[in-house]
Each structure stands twice: as structure tokens, then as C-alpha cells.
Engineer: 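Encoded as C-alpha cells, here's the structure I'll be asking about.
Remember, it's 1-based here, ligands and their atoms both numbered in the order they're listed.
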Amino acid sequence: MSLLDRLIVTTLPIVPRPIVGAISRRYVAGETLAHAVDVVRRLNQGGVMATLDVLGENVTRPEEAAQAVQAYQEALQALARERLDSNVSLKPTQFGLKLDRELCHRNIRAVVELARRLGNFVRIDMEDSSCTTDTLELYARLREEFDNVGVVIQAYLRRSLEDVRALRGRPTNLRLCKGIYVEPRSLAYRDPELINRNFDQLLGEMLEAGVYVGIATHDERLVFEAERRIDALRLEPHQYEFQMLLGVDPELGRLILSRGHRLRLYVPFGAHWYAYCTRRLKENPRIARHVLMNLVRRSPGPWLPSRPEGAPAPRGAPRATAPAAARRP
Ligand code: FDA
């Protein structure tokens with residue numbers, strides 16, 4: 001951990017809540033579903049899709065997991081009612097993965113089932129490495145029953161290439177990201193260059209196998225490599241999408257849109273924003289460094305990227321009021 005990172009972790013507990021709130025405002029849509037719906041609407045108006053995340057993880061009681069089911073079901077209903085182009089992303093530990101795997105499966109199944117009825121899609125986020133095997137098994141089991149569910153592969157994990165190859169031949173929908181948790185060297189690459197090379201190789205394997213990939217990164221080098229692969233395989237924009245976090249590097253978002261690609265923003269919201277932000281920052285102070293750097297740099301333009309005027313809309317691009325059936329993963 002660098003000196004700056006150590007400083008951030010030790011001073012975090014004394015940073016007043018309103019300051020954490022002010023910093024996180026850019027990255028979290030708000031406390032309520034109404035706030036999140038408002039952000040998604042504005043994103044859709046700018047030609048950007050969304051995925052809603054009801055903040056929360058690592059529940060310790062089944063009742064908390066039941067609340068998560070209810071919150072996600074309400075989110076799905078609201079998205080359908082408002083005819084918004086957004087799916088949802090959820091964390092298995094918020095649904096009881098660490099309590100009871102059967103309970104977790106039942107809970108997530110209830111969300112996926114409602115999503116299918118509403119013509120929507122559920123992405124299962126990937127948490128730390130203690131969850132990887134269970135999450136992939138959960139995904140495989142759900143996928144036997146539903147096609148409106150996808151999972152995440154982390155490029156920093158040494159096992160990911162094998163995991164992706166094990167999925168080959170089965171219809172699959174994957175988000176590819178670097179990975180955000182602090183993992184031991186025995187399990188994860190530490191060298192940023194190796195993580196990027198693994199990301200690129202994984203992306204190549206996925207796209208060549210016909211997997212629908214959510215390419216989730218703000219690293220312009222990876223966006224560059226991804227565009228080369230998309231071009232070489234002559235993929236149409238509806239065969240993949242780029243994904244970014246709300247509030248991070250809107251200029252890159254605009255560039256991605258201006259190249260005719262589809263873009264989805266991850267939109268977290270909920271009452272647990274403070275615990276979420278501080279825990280994340282403590283777990284991985286690199287995020288705090290990114291946040292501080294971005295605040296200092298203050299990227300130009302609005303924080304919600306929107307398709308620049310005159311930029312080509314990709315084929316199959318979402319409309320501001322996409323009918324439920326037209327929503328894509
Ligand atoms: P990198 O870390 O090199 O960042 C590139 C640049 O982006 C930085 O220089 C910085 O300017 C900016 N940046 C990146 N992250 C930032 C942040 N949080 N705040 C401010 N600026 C930031 N991880 C995981 O383990 N499981 C998951 O399920 C998901 N899901 C997910 C969904 C989506 C849509 C995205 C975009 C990301 C995730 N992640 C994730 C997080 C991911 O693993 C990774 O930690 C971050 O995306 C940062 O990695 P980059 O590829 O952006 O590169």
C-alpha cells in the first residue's frame with residue numbers, strides 16, 4: 001500500500017459524513033428508487049443504458065436478504081412502469097450467499113423470474129474470491145432455467161481463463177472487468193500490465209466464442225484493444241456493449257458513444273450509501289485515489305455522458321422509452 005493510500009485509509013474515519021456524501025454524490029444516484037429512476041431517465045434521454053444496483057452486501061440475517069428481494073422487485077417494476085432501458089445488477093452476498101446457498105438461490109431466482117416476466121435482465125456481480133466458485137455455480141444453475149441472467153468475470157483472477165473456457169459451448173452473457181477487491185497474489189495478478197493483458201485475452205476468447213460481453217472498464221487502453229477486436233470480428237453494436245460506473249470519466253463515455261458503440265452505466269443507489277462508500281474506500285484505497293484525482297482534474301462537461309450531437313446512433317440503440325421487450329442485457 002502506498003503512503004498516500006495508507007493516509008487515505010487512516011484519515012477516512014474522521015472525514016465528516018457530509019463530505020463523504022458530497023464526494024459520493026457523483027457516483028451514487030441517491031438514497032431512493034425515485035432518485036435512481038430519475039438518473040436512469042436522464043441517461044436514457046442521452047442514449048445511454050443503465051443497470052441499477054440497490055446498495056447492500058454481506059447480509060447476516062435471512063430477513064435482510066428478503067428485503068433485498070423486495071427492493072430489487074420494486075426496482076424492476078418501476079423500470080417497467082417508466083419504460084426505461086435499464087436492467088439490474090445484484091450481489092449474491094446481499095441475497096444470503098454467506099448464510100445459506102439454497103436460500104441465496106431461491107432469493108435471486110425470485111428476482112430473475114420477475115425480470116423474465118417483465119422482459120428484463122439480471123446481472124450477478126462478482127464479489128471477492130471467497131464467492132467466485134459459489135457465484136459461478138449459482139449462475140450455471142439459474143442459466144439452466146433462465147436466459148435473462150448473466151455473471152461477471154474478473155481479469156485480475158488467475159483462474160478466470162479456465163472459468164471462461166469452462167463456460168464455452170453454453171449460451172452465456174458475461175461482464176468483463178478488472179476486479180475491485182484486494183486479493184492475495186496467489187489468486188490474482190497484481191501487475192497492472194498483466195491484468196490488462198489478461199483482460200484483452202479473456203475478451204478475445206469471449207467474443208470469438210460468440211459471448212455477449214459487457215466490456216466494463218474506464219481504461220482507455222482496454223477500450224482501444226476492445227475496439228480492435230470488435231473491428232476484426234466485424235461485430236455489430238448489438239453483439240456487445242461497453243459499461244462504465246456512474247460518474248467516472250464521462251468524457252471517455254462520450255467518446256465511446258461517438259464511435260457508435262452502446263454504453264451502459266452502473267447506477268448504485270440506496271440507504272446504505274455511506275456504509276458502502278466508506279467500506280469500499282477502506283477495502284481498496286486505490287478507488288479513493290481515483291476519486292480524489294478525478295475531483296482535482298474535474299473532467300469537463302456534465303457528469304452524465306450523452307451521445308454527442310451528430311454522432312451515429314448504433315443499430316439497435318435504446319430509445320428513451322424503450323418497450324420492455326426491446327431491453328437488452
Ligand atoms: P483502472 O482502475 O485502471 O481505471 C482507469 C481510470 O478510470 C483511472 O485512472 C481512474 O481515472 C478511473 N477510475 C476507475 N475506477 C474509478 C472509480 N471507482 N472512481 C473514480 N475513478 C475511477 N468489480 C468487481 O470486482 N466485480 C464486479 O461485479 C464489478 N462490476 C463492475 C461493473 C461496471 C459497469 C464497472 C465499470 C466496473 C465494475 N467493477 C467490478 C469494478 C472493476 O473491477 C474495476 O475495479 C474498476 O472498473 C476500475 O478498473 P478500470 O478497468 O476502470 O481500470
Engineer: Can an N or O of Ile180 be found at a distance shorter than 3.5 Å from an N or O of ligand 1?
Structural biologist: yes
Engineer: With heavy atoms of Gly179 as the reference, note each atom of ligand 1 found under 4.0 Å away.
Structural biologist: 25 (O), 42 (C), 43 (O), 45 (O)
Engineer: Less than 6.0 Å separating the ring centroids of Tyr240 and His261?
Structural biologist: yes
Engineer: Taking only heavy atoms of Tyr181 into account, list the atoms of ligand 1 that are under 4.0 Å away from them.
Structural biologist: 25 (O)
Engineer: Treating Gln239 as the side-chain partner and Glu236 as the backbone partner, does any N or O pair qualify as donor plus acceptor under 3.5 Å?
Structural biologist: yes
Engineer: If you measure from atom 40 (C) of ligand 1 to every heavy atom of Cys177, Ala50, Pro192, which option wins on shortest distance?
Structural biologist: Cys177
Engineer: For residues Leu263 and Met244, determine if any side-chain heavy atom of one lies less than 4.5 Å from a side-chain heavy atom of the other.
Structural biologist: yes
Engineer: Is Tyr27 close to ligand 1, meaning an N/O of one under 3.5 Å from an N/O of the other?
Structural biologist: no
Engineer: Between Tyr212 and Glu241, what is the shortest heavy-atom contact and its length?
Structural biologist: OH-OE1, 2.6 Å
Engineer: May I ask you to list the atoms of ligand 1 that are less than 4.0 angstrom from any heavy atom of Asp125?
Structural biologist: 28 (O)
Engineer: Under 4.0 Å from any heavy atom of Gln243, which atoms of ligand 1 are there?
Structural biologist: 34 (C), 36 (C)
Engineer: Can a non-hydrogen atom of Arg123 be found less than 4.0 Å from any atom of ligand 1?
Structural biologist: no
Engineer: Please work out which of Glu127, Lys178, Arg264 has its closest non-hydrogen atom nearest to atom 53 (O) of ligand 1.
Structural biologist: Lys178
Engineer: Which pair of heavy atoms, one from Thr60 and one from Leu99, lies closest together, and at what distance?
Structural biologist: O-CD2, 3.4 Å
Engineer: With a 4.5 Å cut-off on side-chain heavy atoms, are Thr93 and Val59 touching?
Structural biologist: no
Engineer: Minimum heavy-atom separation for Ala50 to Leu43, with atom names?
Structural biologist: CB-CD1, 4.1 Å
Engineer: Check whether any N or O atom of Tyr266, backbone or side chain, sits under 3.5 Å from an N or O atom of ligand 1, and answer yes or no.
Structural biologist: no
Engineer: So, do Leu246 and Tyr266 sit near enough that their side-chain heavy atoms are less than 4.5 Å apart?
Structural biologist: no
Engineer: Below 3.5 angstrom, do we get any N/O pair linking Thr217 and ligand 1?
Structural biologist: yes
Engineer: Does ligand 1 have an atom under 4.0 Å from some heavy atom of Val152?
Structural biologist: yes
